[in-house]
Amino acid sequence: MRISLIKYKIFSNAKINIGLNVFQKESDGYHNIDSIMVPIDLSDEIDVIFYSEDGELKIECSDSGIPTDERNILSKTYKIFFESLKKENEKIDISLKKNIPSEAGLGGGSSNAAFFLKLLNEHYGNIYNESELEELAMKIGSDVPFFIKNKTARVGEKGNKVELVENNLKDSIILIKPLDFGISTKEAYDSFDNLKEVKYADFDKIIDSLKKDNRIALENNIENNLEQGILETNIEVKMFKMALNSVVSGKKFFMSGSGSTYYTFVTELEKSQIETRLKTFVDNVKIIICKTIN
């Protein structure tokens with residue numbers, strides 16, 4: 001019997017958080033959040049082969065530090081999708097080339113899951129509409145529903161509330177990811193839970209600034225509650241941020257999500273100068289220049 005192969009290549013992009021407010025832990029052990037999430041043009045590459053026969057999912061990954069068994073979020077996505085269809089598992093191979101750093105606050109795993117979920121839905125005839133996909137995505141992880149829409153949005157509650165926001169920001173973004181350490185989501189939230197004082201981002205002002213492309217006003221209203229907690233408990237992060245501030249004085253650096261990536265907004269004129277300073281004076285970092293996508 002001849003096996004029918006169908007191959008796809010998809011690009012699964014990262015996000016940054018422009019501000020992140022976190023609220024006290026609920027009785028279910030999870031926190032409600034309020035954040036602006038913005039898709040950026042840094043992407044992982046995912047090659048997917050459908051075999052049109054019963055079988056299992058096989059994952060290969062370019063990053064040996066990422067598990068390729070049932071702990072991988074793509075495996076969870078596959079399981080949830082086929083369970084929801086009440087359909088026998090089919091044989092699928094995935095080759096994942098990671099360009100988005102992990103433990104970085106850039107949503108790489110969540111993005112992989114959302115784009116794979118959208119591909120599964122498309123391959124099997126668009127069974128689910130967007131809101132139904134978002135409901136499935138919520139079962140996979142809290143950042144996954146955002147990537148179903150994949151547009152600048154205010155994300156609230158447990159990640160299930162996604163409201164699109166107008167974004168006219170023209171500046172580029174420089175991402176600075178330390179190579180010596182990462183931050184697990186658990187560490188970030190544990191640090192937040194022990195914070196004595198919390199300073200919140202003003203999202204009404206942030207939304208207005210994005211609409212008007214007013215970077216100065218935007219930067220003045222960004223706060224990240226997880227960063228506030230981590231700076232109290234993690235000396236590596238504290239030293240890293242101090243190094244960034246000393247190397248490029250007058251620029252503001254913001255942590256994305258639960259970290260450990262920091263970012264700064266740059267104009268075309270500033271871009272190469274600031275990139276050069278960071279590469280010259282900050283050790284063991286990965287520096288990526290990107291833009292927001294909408």
Side-chain angles (χ1 to χ4, degrees), residues 1-15 37-63 66-100 106-165 292-294:
M1 187 182 84
R2 191 166 171 273
I3 296 166
S4 165
L5 298 183
I6 301 175
K7 299 181 181 182
Y8 298 90
K9 188 179 195 73
I10 52 176
F11 295 88
S12 145
N13 59 271
K15 58 85 181 164
M37 293 188 190
V38 181
I40 55 174
D41 63 359
L42 166 67
S43 297
D44 290 338
E45 299 168 44
I46 310 176
D47 289 291
V48 187
I49 302 173
F50 289 83
Y51 285 87
S52 304
E53 61 175 78
D54 290 350
E56 294 299 326
L57 177 70
K58 191 176 99 188
I59 304 168
E60 290 180 354
C61 183
S62 63
D63 182 343
I66 292 174
T68 54
D69 56 16
E70 68 280 351
R71 291 169 295 167
N72 191 294
I73 197 167
L74 292 171
S75 180
K76 189 176 180 182
T77 306
Y78 172 89
K79 187 166 176 278
I80 284 170
F81 181 80
F82 280 101
E83 279 176 359
S84 74
L85 282 187
K86 297 182 172 54
K87 180 176 165 61
E88 283 296 313
N89 288 359
E90 292 203 356
K91 184 179 177 184
I92 299 174
D93 287 354
I94 289 180
S95 175
L96 173 61
K97 184 185 175 191
K98 288 297 288 179
N99 300 312
I100 304 168
L106 299 173
S110 299
S111 174
N112 295 163
F115 277 82
F116 181 41
L117 180 61
K118 287 190 275 190
L119 178 67
L120 285 166
N121 189 48
E122 185 187 316
H123 178 78
Y124 291 105
N126 291 310
I127 299 151
Y128 300 114
N129 63 30
E130 187 175 79
S131 63
E132 289 167 336
L133 275 182
E134 286 176 11
E135 279 180 40
L136 271 184
M138 196 60 213
K139 294 178 182 177
I140 301 165
S142 58
D143 283 352
V144 183
F146 162 76
F147 284 107
I148 299 296
K149 281 195 168 73
N150 200 37
K151 290 178 177 170
T152 301
R154 186 171 184 173
V155 178
E157 297 178 4
K158 304 277 191 312
N160 51 306
K161 188 178 174 187
V162 182
E163 298 171 348
L164 297 186
V165 167
T292 65
I293 52 177
N294 267 314

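Distance alone, capped at 3.5 Å, is enough to place a donor-acceptor pair between the N121 side chain and the Y128 backbone. A side-chain donor-acceptor contact under 3.5 Å links T77 to the backbone of I73. Between the side chain of S111 and the backbone N or O of N13, at least one donor-acceptor pair lies under 3.5 Å.
Of all heavy-atom pairs spanning A137 and I148, the tightest one is CB-CG1, 3.9 Å. A pairwise comparison of heavy atoms in I140 and A113 identifies CG2-CB, 4.0 Å as the closest pair. Considering every non-hydrogen atom in both K98 and N112, the closest pair reads NZ-OD1, 3.3 Å. Nearest heavy-atom pair, K158 versus M138, reported as atom, atom and distance to 0.1 Å: O-CE, 3.1 Å. Closest heavy-atom contact between V162 and A153: CG1-CB, 3.6 Å. S110 and D143 get closest at one heavy-atom pair: OG-CB, 3.3 Å.
In this structure the side chain of P39 reaches within 4.5 angstrom of the side chain of T152, judged on heavy atoms.
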Would F147 and L117 satisfy side-chain contact (heavy atoms from CB on, under 4.5 Å), going step by step from the backbone distance to the final call? CA-CA 10 Å; F147 284 107; L117 180 61; over 6 Å; no
Step by step, work out the side-chain contact (heavy atoms from CB on, under 4.5 Å) result for D47 and K7. CA-CA 7 Å; D47 289 291; K7 299 181 181 182; over 6 Å; no
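From I66, atom CD1 reaches atom CG of L74 across 9.5 Å, with rounding to the nearest 0.5 Å. Taking NZ from K91 and NZ from K58, the interatomic distance works out to 7.0 Å, rounded to the nearest 0.5 Å. In this structure, CG on D93 lies 7.5 Å from CD on E60, to the nearest 0.5 angstrom. In this structure, the separation between CG on L106 and CG on N99 is 12.0 Å, given to the nearest 0.5 Å. Atoms CD1 and OG, on I59 and S95 in that order, are 11.0 Å from each other to the nearest 0.5 Å. With values rounded to the nearest 0.5 angstrom, I40 atom CD1 is found 9.0 Å from K15 atom NZ.
A salt bridge links K149 and E134; the closest N-O separation between the charged side-chain nitrogens and carboxylate oxygens is under 4.0 Å.
Every residue two or more places apart in sequence or in another chain that forms a side-chain hydrogen bond (donor to acceptor under 3.5 Å, both in side chains) with K87 is listed here: E90. Checked against ring pair (Phe, Tyr, Trp, His ring centres under 6.0 Å), F11 has no partners two or more places apart in sequence or in another chain.
Residues D44 and S12 bring no donor and acceptor atom of their side chains to less than 3.5 Å of each other.
Under the 30°/60° scheme for interplanar angles, the aromatic rings of F50 and Y8 are found to stand perpendicular.
Pairs engaging residues 69-90 under the ring-ring contact (aromatic ring centres under 6.0 Å, His included) rule: Y78-F82, F81-Y124, F82-Y124 [sequence neighbours left out].
No more than 12 heavy atoms of other residues, nucleotides or ligands lie within 6.0 Å of NZ in K79, so this atom counts as exposed by the packing criterion.
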